Amino acid sequence: MKEDYYDILGVNKNATAAEIKKAYRKKALEYHPDKNPGDSQAEEMFKKSAEAYEVLSNPDKKARYDQFGHAAFEGGGGFGGGGMNMEDIFSQFGDIFGSAFGGGNFSGFGGFGGGGQRRVKGSNLRIRVKLNLEEVAHGVEKKVKVRRKVQAKGVTYKTCGTCNGRGQVAKITNTILGRMQTATTCTTCGGSGQILDKRPSDADSQGLKVTEETVSIQIPAGVEEGMQLKVTGKGNEAPGNGIPGDLLVAIETEDHNTLKREGDNLHYDLYISISEAVLGTSKEIDAVGGKVRIKLEPGIQSGKILRLRGKGISSINGYGSGDLLVHVNVWTPKELTKEQKEFFERMQGNDNFEPKPEKSDKSFFEKVKDMFS
Ligand SMILES: [Zn+2]
């Protein structure tokens, strides 16, 4: 009678994937052959736990086991008498042992011997793109020249003989638990599993060649200084069947002469004369996408904020646009002619010139509160 997989790992049937993994890791470390040299019982337990984990960590196999027990794996496709061999265990679950040492050192296990081979990725390239406010507001397509490595014309690659195309080689390492087998990146092929076969004269030792290419970058509206965009696959190519790196685009933004950005809103300071404020006027102001003419009613107060809806920056989330907020400033003359001075002196105490703020003329603080609500 074969032992129950749950019993082997010491978990109950409702254990989560994380609990199963944790339990296996504990068992694997406890019965690790390097920790129990010459102990065939420990080795047996080590193999049994690996076999149990192999089933219980795989949702399909676990479901079959839960339904049919060991019968699910009998008659072919099972583990036979010997169960898993050590090589299988290390190659499939090596990362579990690795994490006992803080990870990192043992990360070379991904794909060794087991599933598909790791594909080497070419290096990323970095460029900066400078945008004016106009481009930020509406988004823009930028064409940039990039010098990137690509596989030279006529280059061919063949399977690496050192690692047989796996990209990794087994290595014995001394650890605090004793000697352990780990996988390291094959130094012959650099992990790609392939080496140069035919090297054209203009190619480097990896069969790559630097070329200048024009890459089109779609920059969405609403980006900000310091943001980074990624153009997938436009970095350096990798040798063999590797995948190309990415082009990383750092965004820089130019200040605008008159428009100040705040989130998706833009602010514009408009200065008008006292007579314009009294008589009313119409003014052309800067906006993204061109000038906009706005009308100011007679009697407009200094400090008034006019909101031009949707004339700000398009949101990077795609949810509409910010507004353009025009701050009205009435310019008080510093020098007056004798006549002008006499006029204003005559107006002193005149009822029309007396401040009479209405409820609708909100204070500065209330306006600011409104803007951010
Ligand atoms: Zn190799």
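Just so you know, ligand 1 is whichever comes first in the structure, and atom 1 is the first atom listed for that ligand. Keep in mind the model is a prediction, meaning the values are calculated, not measured.
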**Fill in**
The protein N, O or S atoms lying under 2.8 Å from the Zn ion (ligand 1) are C160 SG, C163 SG, C186 SG, C189 SG
**Fill in**
Rounded to the nearest 0.5 angstrom, the CG-CG distance for N265 and L308 is 11.0 Å
**Request:** Classify the angle between the aromatic ring planes of Y271 and W331 as parallel (below 30°), tilted (30 to 60°) or perpendicular (above 60°).
**Result:** perpendicular
**Asked** Taking the six-membered ring for Trp, are Y6 and Y65 parallel (under 30°), tilted (30 to 60°) or perpendicular (over 60°)?
**Response** tilted
**Asked** T185 and Q168: side-chain donor and acceptor closer than 3.5 Å?
**Response** no
**Pair E51-Y5, side-chain donor/acceptor within less than 3.5 Å** = yes
**Item:** Verdict with supporting geometry, E254 and K130, salt bridge (Lys or Arg N to Asp or Glu O under 4.0 Å)
**Value:** CA-CA 7 Å; E254 280 170 11; K130 198 162 205 171; 5.0 Å; no
